[in-house]
Amino acid sequence: KISQVVDEVERLVVQLEAGETPGDQVTGTGYTVYKTRLRSPDSQRGKSGGFRVIYYIRTVEQVILITIYPKSERADISPDEI
């Protein structure tokens, strides 16, 4: 199942490499940070019950993964934590 999560992250990387910015921009951080959802292979609820990925667009060519976490274990991360 880990490989299925890795597959979802790889799909996100492909989107980022194509210049897409999936998800919603997180306000209040002072940086270009986005939060998006990834489907969980274990969840029957699609993306809403899957993983959250927080990433930072540092430059046009550099994106930094801040964190990835299962929605079932954590509701949200505040801008202050990011």
Side-chain angles (χ1 to χ4, degrees):
K1 295 186 183 189
I2 293 294
S3 66
Q4 292 172 325
V5 174
V6 170
D7 289 345
E8 290 295 315
V9 172
E10 287 177 352
R11 285 186 192 95
L12 174 62
V13 169
V14 168
Q15 288 181 293
L16 294 169
E17 288 175 338
E20 299 174 30
T21 53
D24 298 319
Q25 189 165 1
V26 179
T27 58
T29 64
Y31 299 96
T32 310
V33 174
Y34 288 84
K35 176 171 72 173
T36 191
R37 302 177 193 188
L38 297 182
R39 186 180 63 81
S40 171
D42 294 335
S43 176
Q44 300 299 317
R45 299 181 304 175
K47 290 182 179 180
S48 66
F51 291 89
R52 300 299 178 265
V53 176
I54 310 287
Y55 64 94
Y56 163 50
I57 300 179
R58 185 167 182 185
T59 68
V60 175
E61 296 180 359
Q62 188 177 31
V63 174
I64 299 170
L65 174 65
I66 296 173
T67 189
I68 181 170
Y69 60 94
K71 178 67 174 176
S72 62
E73 292 182 16
R74 183 163 189 164
D76 280 317
I77 294 179
S78 72
D80 289 337
E81 289 178 274
I82 293 172

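What you are looking at is a predicted structure, and each value in this text was computed from that prediction instead of being measured.
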Interatomic spacing from CZ in R58 to OG1 in T32 - rounded to 0.5 Å: 12.0 Å
With hydrophobic residues grouped by side-chain heavy-atom distances under 4.5 Å, do L12 and I64 end up in a single group? no
Considering all heavy atoms, the nearest P22-L16 contact: CD-CD2, 4.0 Å
V9/F51 under side chain to side chain contact (heavy atoms under 4.5 Å, CB included): CA gap, chis, key distance, verdict: CA-CA 10 Å; V9 172; F51 291 89; over 6 Å; no
E81 atom CD, over 12 foreign heavy atoms within 6.0 Å: yes
Here the pair of heavy atoms bringing P79 nearest to G28 is CB-O, 3.7 Å
When rounded to the nearest 0.5 angstrom, what distance separates OG1 in T21 from OH in Y55? 5.0 Å
With clusters defined by side-chain heavy atoms of hydrophobic residues (ILVMFWY) lying less than 4.5 Å apart, directly or transitively, does Y34 cluster with L65? yes
Between V63 and I66, is there shared hydrophobic-cluster membership here, with clusters defined by ILVMFWY side-chain heavy atoms closer than 4.5 Å? no
Take E10 and V14 through the test side chain to side chain contact (heavy atoms under 4.5 Å, CB included) and record every step on the way to the result. CA-CA 6 Å; E10 287 177 352; V14 168; 5.7 Å; no
Does any pair with a residue in residues 22-31 pass side-chain hydrogen bond (donor to acceptor under 3.5 Å, both in side chains), and if so which ones, sequence neighbours excluded? none
When rounded to the nearest 0.5 angstrom, what distance separates CD1 in I77 from OG1 in T67? 5.0 Å
